[in-house]
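Just so you know, residue 1 is the first one in the sequence shown, and it goes up from there. Values below: all heavy atoms of this structure, side chains included; hydrogens, waters and symmetry mates excluded. Predicted model, so just to flag it, every value in this text is computed and none were measured.
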Amino acid sequence: MDGSTLDLTIFLFAAFAGALVAGLSGFAFGLVAVSMWLYVLTPLQTATLIITFGLIVQSYSVWKIRTAFNWSKLWPFLVGAAIGVPVGVTILTWANPIHVRTGIGIFLVLYSLYALFRPLTKISVGGAAADAGVGFLNGILAGVTGLAGILVTIWCGLRGWPKDQQRAVFQPVAVAIFLMSALWLGVKGAISADTIRLFLFGLPFLLAGTWLGMKLYGRLDEAAFRKVVLVLVFLSGFVLIL
């Protein structure tokens with residue numbers, strides 16, 4: 001970023017908008033922020049700020065819905081994700097990332113369109129083993145694309161859980177993935193002084209957007225929440241394809 005007023009305005013607006021969407025839906029901060037930040041920030045700054053800001057947004061939201069936690073439902077996803085993240089990072093060392101992201105993007109677009117225009121289906125089979133498998137695949141996807149909780153989000157919806165219970169599962173998973181990524185960035189020395197300054201500038205806007213998004217979330221019923229999630233899944237896939 002060259003320090004101009006326009007660039008700073010774009011940066012701060014993206015932080016606020018991304019936090020608002022994440023506070024409302026429980027995910028998609030990176031989806032909103034990256035669409036604007038890449039015009040004014042370097043790819044490394046963008047990735048670093050998405051991880052650090054995303055960790056704050058998700059942690060705040062998790063704290064607000066902590067009474068809905070059910071550890072018996074949560075732990076299989078966390079275990080699976082912890083194993084899947086390094087697998088996803090390893091895949092990037094030999095696979096063509098453009099082909100991988102395009103294929104995943106097509107899947108997300110097709111799934112979201114199908115889910116939006118069909119009756120709600122609930123999956124009750126599989127238990128903890130199926131949940132751990134989804135967590136594992138979600139970890140791989142996070143390592144390849146940076147989408148920290150997209151598959152767990154989809155799976156929670158297919159389980160037919162209430163919206164508070166869904167967020168009490170897929171948001172802690174996202175927190176764990178962001179935390180692993182943030183620690184990796186710190187060890188690698190990827191966080192520069194300029195990035196720290198941007199972080200401090202954007203933090204108040206991030207917190208304001210998160211607060212407003214959580215307020216709006218309280219006004220959503222189950223059907224509206226499902227539609228918001230599916231639209232954001234569609235946009236996530238569309239961005240990956242592009």
Side-chain angles (χ1 to χ4, degrees), residues 8-37 46 49-70 73-74 77 108-109 111-113 115-117 120 138 142 146-178 199 201-239:
L8 184 59
T9 300
I10 292 173
F11 168 73
L12 296 176
F13 176 77
F16 175 83
L20 189 153
V21 171
L24 175 65
S25 68
F27 73 110
F29 172 79
L31 168 67
V32 175
V34 75
S35 65
M36 291 177 270
W37 279 354
T46 298
L49 289 167
I50 283 175
I51 290 169
T52 53
F53 278 158
L55 182 58
I56 293 173
V57 170
Q58 296 291 359
S59 297
Y60 174 81
S61 298
V62 164
W63 175 256
K64 294 289 288 186
I65 59 172
R66 64 191 183 279
T67 56
F69 276 12
N70 186 332
K73 285 184 168 62
L74 178 58
F77 294 103
L108 294 178
V109 166
Y111 167 78
S112 58
L113 290 175
L116 278 169
F117 296 104
L120 178 62
N138 184 87
L147 294 174
I150 193 75
L151 290 185
V152 174
T153 301
I154 291 172
W155 184 249
C156 288
L158 289 174
R159 284 294 201 195
W161 294 337
K163 62 189 180 83
D164 285 348
Q165 194 172 96
Q166 291 184 44
R167 290 188 65 155
V169 170
F170 66 70
Q171 287 199 268
V173 171
V175 168
I177 291 174
F178 279 134
F199 173 84
F201 276 131
L203 186 58
F205 292 84
L206 182 91
L207 296 176
T210 304
W211 176 84
L212 181 57
M214 289 297 295
K215 287 291 185 182
L216 295 175
Y217 166 72
R219 301 183 181 183
L220 290 180
D221 59 21
E222 299 290 343
F225 179 74
R226 178 174 177 269
K227 289 179 181 179
V228 168
V229 167
L230 289 173
V231 168
L232 291 173
V233 169
F234 172 82
L235 292 175
S236 299
F238 186 70
V239 169

Do you know which two heavy atoms are closest between [X] and [Y], and how far apart they sit?
X	Y	result
C156	V169	SG-CG1, 3.7 Å
V233	S112	CG1-CB, 4.0 Å
A19	F29	N-CD1, 3.4 Å
A15	G202	CB-O, 4.4 Å
P172	V62	N-CG2, 3.7 Å
R167	A22	NH2-O, 3.6 Å

If the condition is ring pair (Phe, Tyr, Trp, His ring centres under 6.0 Å), which residues does [X] pass it with, not counting sequence neighbours?
X	value
F69	W71
Y60	none
F16	none

Tell me the side chain to side chain donor-acceptor pair (under 3.5 Å) pairs involving residues 206-221, sequence neighbours left out?
D164-Y217

Compare all side-chain heavy atoms of [X] with those of [Y] and state whether any distance is below 4.5 angstrom.
X	Y	result
I50	W37	yes
T153	L232	no
W155	N138	no
L212	L24	no
L230	Y111	yes

Residues forming a side-chain contact (heavy atoms from CB on, under 4.5 Å) with P162, sequence neighbours excluded:
Q165, E222

Hits for side-chain contact (heavy atoms from CB on, under 4.5 Å) against V32, two or more places apart or cross-chain, chain-then-number order -> A17, V21, M36

What distance do L203 atom CG and L12 atom CG have between them, rounded to the nearest 0.5 Å?
11.0 Å

Say you draw a straight line from CZ of F234 to CG of L113; how long is it, rounded to the nearest 0.5 Å?
5.0 Å

Donor-acceptor contact present, side-chain Q166 to main-chain W161, <3.5 Å:
yes

May I have the step-by-step check of side-chain contact (heavy atoms from CB on, under 4.5 Å) for V173 and L74, ending in yes or no?
CA-CA 8 Å; V173 171; L74 178 58; 4.1 Å; yes

